[in-house]
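Not measured: the values here are computed from a predicted model. Order of appearance sets the numbers: ligands from 1, and atoms from 1 within every ligand.
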Amino acid sequence: MSPRQRQTRDLLVHIDRALPRSLRRQLEDQLRDAIRSGALAPGSELPSTRALAQELGVSRGVTGRAYVQLAAEGYLELRQGANPAVRNLARVQLAPDAAPVRAGARVRYDLRPHLPDVNSFPRQAWLRSVRTALAGATSAELGYIGAQGLQQLRVEIAGYLGRARGVAADPDRIVITTGTAHSLSLLARALTHLGAQRMAFENPSHFVLREVVKHAGQTPVPVALDSEGVRIDSLRAAGAQSAVVAPAHQFPTGVVLSAERRRLLIEWAQTSGGLVLEDDYDAAFRYDRAPIGALQGLSPEHVVYLGSTGKSLAPAMRLGWAVLPARLVDPIVYELAAGMIQLPGIDQLALADFLHRGEFDRHLSRMRTIYRRRRDALVDALETWLPDCPVRGIAAGLHAVVELPSADVEEAVCARATSIGVLVQSLTQHALPGYDGPAAVLVGYGPVPEAAIPRAVQQLAEIVGNARPPLMARAG
Ligand SMILES: Cc1ncc(COP(=O)(O)O)c(C=O)c1O
């Protein structure tokens with residue numbers, strides 16, 4: 001059947017019944033994209049569920065569920081007696097941690113998958129480093145500093161990454177950024193200028209990172225994943241010049257790239273001239289497995305290593321780093337310099353001191369113990385309250401993947417949980433077209449006190465229980 005294309009009052013929506021993606025998801029994806037791109041401005045009114053359903057020739061359930069999901073994600077405001085409206089908060093959603101609940105609404109449990117425990121931020125140790133930085137800063141360090149970042153910080157980061165992550169880190173190849181998203185944005189821009197446009201992303205992968213590179217001129221291309229990680233046949237078929245991967249703990253699935261796939265991925269880069277962008281976002285937190293060194297150490301001229309203090313210290317630190325192949329140092333420094341971006345020198349000096357005194361290592365070691373206990377409490381509670389749902393991705397990181405029987409259950413669970421202040425994310429909100437893996441809810445334990453975890457899981461289990469029966473009855 002040919003695609004239906006109807007003009008609603010103020011938005012253009014294409015519904016194609018021939019696509020394997022459900023009508024509801026097609027509608028939801030297009031509205032989400034339109035809001036994110038600004039095509040639907042904050043405050044715009046959408047048609048009622050009834051009017052839109054009539055217009056598109058779909059059931060009202062389809063439009064209603066799409067609106068509920070977008071409201072749960074924070075894009076739409078559903079109003080009694082009035083048409084839904086695009087929220088002003090919509091753009092804030094690009095920050096991965098922006099809460100999708102209405103301002104002032106009570107958050108019972110924040111189980112979003114990428115949040116660290118900022119209550120454990122080492123305030124005293126950081127304060128000491130800031131004092132040392134201020135007291136010792138030279139007049140040159142208080143002047144205009146280079147766009148690549150302060151040398152002493154790059155030296156400390158190189159030492160840490162070589163020792164702890166097996167990165168081949170020469171301080172001259174390191175660029176200081178505001179974090180991984182910023183590093184990716186710079187790389188995407190530089191690659192676009194160099195004539196490369198197709199950037200492969202694991203399917204699923206963090207949607208914010210894809211938005212960031214799209215904004216910088218790249219086309220994200222989906223690449224399939226399986227239990228060993230990114231599939232190299234799919235990567236070869238994608239015809240991409242670069243590929244973003246998270247080998248140590250893939251987001252959101254938690255899959256670890258197998259030794260054989262690591263080898264094949266490097267081979268892909270070396271034979272095709274492709275560039276691997278290694279997102280090492282939470283590898284510092286691994287629990288019951290041997291450390292897996294960074295991929296970058298195997299082929300420093302073909303892999304960019306991306307690291308950040310966002311998970312290890314706090315998202316608000318806004319300090320990260322990229323370790324670059326020689327040929328990309330000048331283009332990336334140029335991107336920073338031409339964009340007039342120089343990161344605060346005092347923060348850089350403080351982080352250098354913090355690393356130098358071993359505080360970073362001490363903090364990570366302390367957090368590993370705390371997170372492991374929370375992870376164990378979560379796994380126990382899931383076994384008790386959701387014994388039928390397979391749990392994956394728990395050997396590292398700050399979240400578990402709790403599989404659900406269907407995309408409909410996933411959608412209902414996430415919308416309901418978010419509406420009552422139990423903040424979770426769905427796995428498929430990170431999916432690209434062609435995703436055919438399981439539906440799941442992503443349950444983070446980073447910021448949740450150990451004692452609160454059983455109750456949080458019990459609430460989630462109640463929601464899952466309520467979401468399942470009618471659907472099972474319908475299926476029967
Ligand atoms: C998988 C993944 N990579 C990268 C980032 C971005 O990190 P940063 O805060 O350093 O930009 C996030 C943020 O949540 C993430 O979840």
Side-chain angles (χ1 to χ4, degrees), residues 73 92-100 110-118 121 149 157 161 165 174-189 199-216 220 225 229-230 243-257 276-286 294-295 304-323 336 341 343 347-348 351 360 371 393 396-401 423-427 429-432 442-447:
E73 290 173 21
V92 180
Q93 281 288 310
L94 263 189
D97 299 339
D110 198 342
L111 307 177
R112 283 173 297 155
H114 40 236
L115 300 181
D117 182 5
V118 291
F121 184 83
I157 288 172
L161 291 178
R165 301 293 303 122
I174 295 179
V175 174
I176 307 298
T177 68
T178 71
T180 296
H182 183 212
S183 301
L184 265 182
S185 166
L186 294 166
L187 282 154
R189 212 167 284 283
M199 189 175 273
F201 275 82
E202 295 161 312
N203 192 6
S205 53
H206 207 304
F207 72 84
V208 169
L209 301 184
R210 302 198 303 262
E211 281 305 310
V212 165
V213 306
K214 251 200 257 178
H215 187 65
L225 272 178
V230 63
V244 180
V245 293
H249 187 242
Q250 202 272 339
F251 186 89
T253 63
V255 168
V256 179
L257 193 68
V276 176
L277 307 174
E278 177 176 21
D279 181 3
D280 205 34
Y281 69 106
D282 67 358
F285 304 123
R286 62 178 160 76
L295 202 60
V304 176
Y305 177 90
L306 305 169
S308 171
T309 52
K311 305 271 184 283
S312 47
L313 281 168
M317 291 283 294
R318 299 327 300 152
L319 278 174
W321 42 85
V323 186
L336 283 159
I341 300 167
L343 301 186
D347 288 0
Q348 294 187 55
L351 183 58
F360 192 63
Y371 290 144
L398 301 176
H399 76 280
V401 179
L423 306 188
V424 289
Q425 276 187 5
S426 71
L427 182 142
Q429 89 181 68
H430 296 287
L432 285 134
L442 308 177
V443 183
Y445 48 86

Quiz item: Is a side-chain donor or acceptor of Thr309 paired with a backbone partner of Ser312 at a separation under 3.5 angstrom?
Solution: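 Checking the backbone N and O of Ser312 against the side chain of Thr309, no donor-acceptor pair under 3.5 Å is found.
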Provide the number and element of each atom of ligand 1 under 4.0 Å from a heavy atom of [X].
{"X": "Ser308", "result": "8 (P), 10 (O)"}
{"X": "His206", "result": "15 (C), 16 (O)"}
{"X": "Ala181", "result": "11 (O)"}
{"X": "Phe251", "result": "1 (C)"}
{"X": "Gly179", "result": "10 (O), 11 (O)"}

Quiz item: Do Gln425 and His399 have side-chain atoms, one donor and one acceptor, less than 3.5 Å apart?
Solution: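 Judged by distance alone, the side chains do not pair up.
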Quiz prompt | Mutual orientation of the aromatic rings belonging to Phe251 and His206 [parallel < 30°, tilted 30-60°, perpendicular > 60°] | solution =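 The arrangement is parallel - the two ring planes meet at less than 30°.
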Quiz item: Can you name the salt bridge (charged side-chain N to carboxylate O under 4.0 Å, His left out) partners of Asp279, sequence neighbours left out?
Solution: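 By the salt bridge (charged side-chain N to carboxylate O under 4.0 Å, His left out) rule, Asp279 matches no residue at all.
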Self-check item: Nearest neighbour of atom 12 (C) of ligand 1 from the list His114, His182, Lys311, on a heavy-atom basis
Solution: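 Residue with the shortest heavy-atom distance to the ligand atom: Lys311.
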Practice problem: Between Leu209, Asp282, Leu306, flag the one that comes closest to atom 5 (C) of ligand 1 by a heavy atom. | Solution: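 Selected option, by shortest heavy-atom distance: Leu209.
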Quiz item: Does any N or O atom in Arg318 lie less than 3.5 angstrom from one in ligand 1, N or O only?
Solution: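 Right, the criterion is met.
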Self-check item: Set of residues satisfying side chain to side chain contact (heavy atoms under 4.5 Å, CB included) with respect to Asp347, sequence neighbours excluded
Solution: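 Residues passing side chain to side chain contact (heavy atoms under 4.5 Å, CB included) with Asp347: Leu319, Pro344.
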Quiz item: Counting heavy atoms only, which part of Thr180 comes closer than 4.0 Å to ligand 1: side chain, backbone, both or neither?
Solution: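 For Thr180, the contact with ligand 1 is made by both the backbone and the side chain.
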Quiz prompt | Contact partition for His430 relative to ligand 1, non-hydrogen atoms under 4.0 Å | solution =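 Answer for His430: neither.
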Practice problem: Kindly determine whether His430 and Leu442 satisfy side-chain contact (heavy atoms from CB on, under 4.5 Å), including the steps that lead there. | Solution: CA-CA 11 Å; His430 296 287; Leu442 308 177; 3.8 Å; yes
Quiz prompt | Distance-minimising heavy-atom pair for Ala248 and Val256 | solution =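 Looking at all heavy atoms of both residues, the shortest contact is O-CG2, 3.6 Å.
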